[in-house]
Structure formats: structure tokens, C-alpha cells
Protein chains: 2
Amino acid sequence: MDALKKAVFGISPLSPIEEKAFMGAWKCWDLEKDHVLLREKMVSDYIYFVDKGIARIFYHKNDKEITEWIAMDQQFFLSITSFFQRSPSHLSIHTLEPARIYGIHHTDFMSLADRYHEVERLLRKMVTGSLILSQIRMDSIQFETAYQRYERLLRTYPEIIQRVPLMYIASFLGVTLETLSRIRSSR
Amino acid sequence: MDALKKAVFGISPLSPIEEKAFMGAWKCWDLEKDHVLLREKMVSDYIYFVDKGIARIFYHKNDKEITEWIAMDQQFFLSITSFFQRSPSHLSIHTLEPARIYGIHHTDFMSLADRYHEVERLLRKMVTGSLILSQIRMDSIQFETAYQRYERLLRTYPEIIQRVPLMYIASFLGVTLETLSRIRSSR
DNA sequence: TTGATATTTTGATATATATCAAATCAGGTT
DNA sequence: AACCTGATTTGATATATATCAAAATATCAA
């Protein structure tokens with residue numbers, strides 16, 4: 001719980017009452033490898049936080065699995081459109097390793113945000129941070145070569161190569177497995 | 001002011017006190033064509049709203065201007081990273097037509113969000129909407145062909161072709177002017 | 001250890017889009 | 001109307017990456 005609290009307070013600190021209410025709303029799961037956190041076409045109810053392990057967020061495009069995000073370290077993750085629009089998700093979420101994951105339910109988060117201004121502010125800052133990340137990722141996809149995207153990934157998450165099969169990394173980078181393999185052999 | 005109020009209330013309604021404080025914080029400008037709303041390297045202080053006219057948000061990449069967004073209709077627009085991180089913008093914003101633009105200053109918006117829970121909620125919902133748009137745009141760039149992106153643009157903003165020079169539309173779609181021209185001649 | 005399966009690499013070819021260059025076309029100004 | 005400048009189209013070629021196919025390698029269970 002300590003890592004979660006640290007991550008939350010790093011975004012926006014909470015006063016004691018709010019802290020108690022908010023931190024108390026998180027559930028904790030210890031999950032085996034390949035556990036399904038969200039299945040396509042379900043409405044996504046949780047914002048998650050990776051305490052340890054890895055989660056992979058992906059969807060299907062012409063029978064192929066496209067990895068949209070890989071969450072590790074002390075990262076938050078969610079199906080953005082499904083969680084906020086309360087619509088069926090086109091995303092699935094699986095663990096790639098045994099993992100300890102925290103989650104807070106949409107209903108709980110929203111009613112706390114309703115009740116406590118500070119929680120609303122926290123939520124706003126979380127969404128803002130996510131928006132900024134999304135902008136950076138968009139620029140990267142649009143204007144960097146596959147090689148540059150791979151280099152950027154290595155800089156940001158050096159250990160990802162050891163822990164995540166290349167096929168997932170490839171589609172996360174927006175290239176085919178074959179292209180990623182050639183990129184790697186050319187450095 | 002009516003269109004702005006409508007747009008705001010469409011996102012999240014405000015009670016009378018909050019409405020008065022929030023709506024009163026917006027400034028209004030009547031601008032000629034090619035007016036500079038934000039110059040590269042400045043910190044962006046405003047969230048803007050297009051009442052009428054068009055604004056173009058762009059930046060420079062190897063001497064070339066890349067159009068990142070075109071705001072028309074009743075749309076909000078801003079330099080996301082600069083506004084929220086209070087950092088120098090890599091974006092510039094110009095009007096493409098004579099325009100009536102509303103704007104609210106960062107300081108005012110933030111202090112209102114601090115004072116009024118309802119304004120904080122409104123801001124959170126605005127950022128959430130922007131995040132959802134950003135996700136959709138990212139998918140479009142990554143997985144649709146230039147032709148499909150053009151078709152999508154026509155569906156979303158049919159009048160944009162009449163009002164915005166193709167060179168700007170091309171870079172907004174992430175293709176060269178020549179490619180856009182060929183796409184158009186092939187339908 | 002031996003299979004059986006999943007993952008990664010290598011090779012040949014195809015394709016969408018970029019780049020460079022030149023030719024038209026359009027809109028405003030004198 | 002004639003001009004000028006900027007916008008758009010057309011053509012020839014180059015390039016990054018995808019696709020399809022097969023081989024090589026790693027992983028895991030019996």
C-alpha cells in the first residue's frame with residue numbers, strides 16, 4: 001500500500017480525512033501470470049495500479065492482437081474510454097507476470113470525487129498527466145521512425161526487454177515483430 | 001457568450017454562484033485573420049474557445065510547419081503541455097479567418113477550481129474529454145491509412161475543406177500535401 | 001532427454017507514402 | 001486585364017515498413 005500511497009501523493013496530496021476515505025477504497029489482488037483483469041466488450045470498472053509485476057493492455061485488429069500499453073513499475077493503468085464513458089471496452093487487460101495489483105472502482109472513485117474536492121482535484125491531475133503522456137506518445141508514433149521509438153523505449157524502460165516478449169513490444173511500438181527483430185539486429 | 005455557456009454547461013453544469021464567477025472570468029477577442037494567439041517558446045496562459053472563425057495549432061519540425069489541430073465550430077483548444085505544465089510551448093496558434101475567440105487565463109481557472117468544487121469537476125471533465133479525443137486520434141494515426149483518415153475528417157467536419165487550405169489539412173492528417181492531393185483525386 | 005509449442009530471426013517481395021521537381025491553377029493587387 | 005504570389009496538382013523515383021514464408025531458437029511439460 002505504501003507504493004500506492006506514494007504514487008497518489010506524488011500527484012496530489014490529501015488531508016487526513018480524504019486520505020483515509022480514498023486509500024481505503026482501493027482493493028488489492030495477488031494474481032498469477034496471464035490473469036484476465038478486463039475482457040473485451042465488458043465495461044471497465046477499475047483504475048489499476050501495478051505494485052509489482054506487469055500488465056498488458058491490448059485489443060484485436062483484424063484477428064491480430066495490438067498491444068496498446070504495457071504497465072509496470074509503479075504505474076497506473078486503465079481502459080480510458082470504457083472507464084470514463086461507461087461503455088464496453090475494445091481493450092483486454094492481462095498480467096504478463098505474477099503481479100500485485102491495486103484497483104479502485106469507478107463508483108467509489110466518482111462518489112469520493114463528488115464528496116471531496118481534494119479527490120476531484122487528484123482525479124483531475126491524474127487525467128491531466130495521462131493526457132500529457134498521450135500527447136507525447138502521439139508525437140512519437142507520428143514523427144519518429146520505428147528505430148527511434150525503440151530507442152526511446154529502451155531509455156524509458158531499460159528492463160522491459162528482459163521481461164516482456166518481443167512480440168508484445170513490437171505491437172506496442174507500432175511495428176511488426178519482423179521489423180522489430182531487424183531493428184534490434186542493426187544496432 | 002451564449003455559445004460558450006452552452007458548451008460549458010454541456011460538459012458540466014454550474015450552480016448560479018459558480019456560473020457567475022466562472023463565466024465572468026472569460027475574456028473575449030475579435031481578431032483579424034492571421035492573428036497570433038500563441039507564439040512558440042512562450043508559456044501558454046489560456047484555454048480558448050472558438051465562437052466563430054478558425055484557429056490553427058502548429059509547430060515546426062525540420063523547418064516545416066506541422067499542423068497539430070484545427071479548431072473551429074464551438075471547440076475548445078489549448079497548448080496542453082504548456083498550459084498544464086507551465087512550460088514553454090513548442091506550439092504556435094494563429095487564426096485562419098477573422099474570429100471571435102474567448103479565453104480564460106490559467107491563474108483564473110486554477111484559482112476558481114481551487115475555490116469551487118464544481119469548477120474543479122468541470123475542469124476534470126474537460127480534460128477527460130480531451131484525453132478521449134486524444135486516444136481516438138492516436139488510433140487513427142497508427143492504424144488507419146491516409147485515405148481513411150481523410151474520409152474520417154470529411155465525416156467529422158464536412159465544411160473544413162472549404163475553409164482551410166489543403167496544405168494545413170495535409171499535415172493535420174499526417175501526410176504530405178502531394179499525398180493528400182492524390183487521395184482527393186482518387187475518390 | 002525428447003518432443004511439442006511458442007518465440008524470434010532471416011529472406012524475398014510488395015506497398016503506402018515521402019521526396020524532389022515541375023507544371024498548373026487561384027485569388028488578390030495594381 | 002495582367003501580374004504576382006501562394007496553393008494545388010502531376011510525374012518520377014526513393015524509402016521505410018508490411019507481408020508472406022520458412023528456418024532457427026527458446027521454453028516448458030512429460
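Order of the sequence lines fixes the chain letters, A, B, ..., with proteins taken first and strands second; residue numbering starts at 1 for each chain.
Residues meeting the salt bridge (charged side-chain N to carboxylate O under 4.0 Å, His left out) test with E65(A), sequence neighbours left out: R56(A). For the salt bridge (charged side-chain N to carboxylate O under 4.0 Å, His left out) test, no residue two or more places apart in sequence or in another chain qualifies with E18(B). With sequence neighbours excluded, no residue forms a ring-ring contact (aromatic ring centres under 6.0 Å, His included) with H35(B). In terms of the salt bridge (charged side-chain N to carboxylate O under 4.0 Å, His left out) criterion, residue partners of R121(A) (sequence neighbours excluded) are, by chain and number, D114(B), E120(B). Scored by the salt bridge (charged side-chain N to carboxylate O under 4.0 Å, His left out) test, E178(A) finds no partners at all (sequence neighbours excluded).
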Reading nucleotides 25-30 of chain D 5' to 3', which nucleotides get B (base under 4.0 Å from a protein heavy atom), which S (sugar-phosphate only), which -? ------

For nucleotides 3-10 of chain C, read 5' to 3', which letter fits each nucleotide if B means a protein heavy atom sits under 4.0 Å from the base, S means only the sugar-phosphate is that close, and - means neither? ----SBBB

Footprint string (nucleotides 25-30 of chain C, 5' to 3'): B base within contact, S backbone only, - free, heavy atoms under 4.0 Å: ------

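Atom CD1 of I66(A) and atom C1' of dA18(D) are 12 Å apart (whole Å). Straight-line distance from the CD1 atom of I161(B) to the C1' atom of dT8(D): 13 Å, rounded to whole Å. Put simply, CG on L96(B) is 15 Å from C1' on dG6(D), counting in whole angstrom units. Straight-line distance from the CD atom of E144(B) to the C1' atom of dA16(C): 15 Å, rounded to whole Å. Look at CZ on R149(A): it is 7 Å from P on dT17(D), rounded to the nearest Å. In this structure, CZ of F143(A) is placed 18 Å from P of dA16(D), rounded to the nearest angstrom. Between the C1' atom of dA16(D) and the CD atom of Q142(B) lies a distance of 16 Å, rounded to the nearest Å. Atom-to-atom, CD of Q162(B) to P of dA7(D) comes out at 17 Å; the value is rounded to the nearest Å.
Ion pairing of D45(B) with R86(B) is present here, as a side-chain N (NZ or NE/NH1/NH2) and a carboxylate O approach within less than 4.0 Å. A salt bridge links E19(B) with K5(B): the closest approach of a Lys/Arg side-chain nitrogen to an acidic carboxylate oxygen falls below 4.0 angstrom.
A cation-pi arrangement is absent between K61(A) and Y59(A) under the rule of less than 6.0 angstrom and at most 45 degrees off the ring axis.
Rotation axes derived from the C1' atoms of the five outermost pairs at either end of the helix from dT1(C)-dA30(D) to dT30(C)-dA1(D) lie 40° apart, to the nearest 10°.
Classified by interplanar angle (parallel below 30°, tilted 30° to 60°, perpendicular above 60°), the ring pair F58(A)/H94(A) is perpendicular.
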Donor-acceptor list for residues 74-81 of chain B side chains, cut-off 3.5 Å, not counting sequence neighbours:
from	atom 1	to	atom 2	distance (Å)
Q74(B)	NE2	D51(B)	O	2.8
Q75(B)	OE1	M72(B)	N	3.3
Q75(B)	NE2	Y157(B)	OH	3.3
S79(B)	OG	S89(B)	OG	3.1

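I141(B) belongs to a hydrophobic cluster with M138(A), I141(A), M138(B), counting contacts under 4.5 Å between side-chain heavy atoms of Ile, Leu, Val, Met, Phe, Trp and Tyr, direct or through other members.
Two different hydrophobic clusters hold V36(A) and I101(A) under the rule that ILVMFWY side chains link at heavy-atom gaps under 4.5 Å.
Sorted by first then second residue, the ring pair (Phe, Tyr, Trp, His ring centres under 6.0 Å) pairs that include residues 103-141 of chain A, not counting sequence neighbours, are F22(A)-F109(A), Y46(A)-H105(A), F83(A)-H106(A), H117(A)-H117(B).
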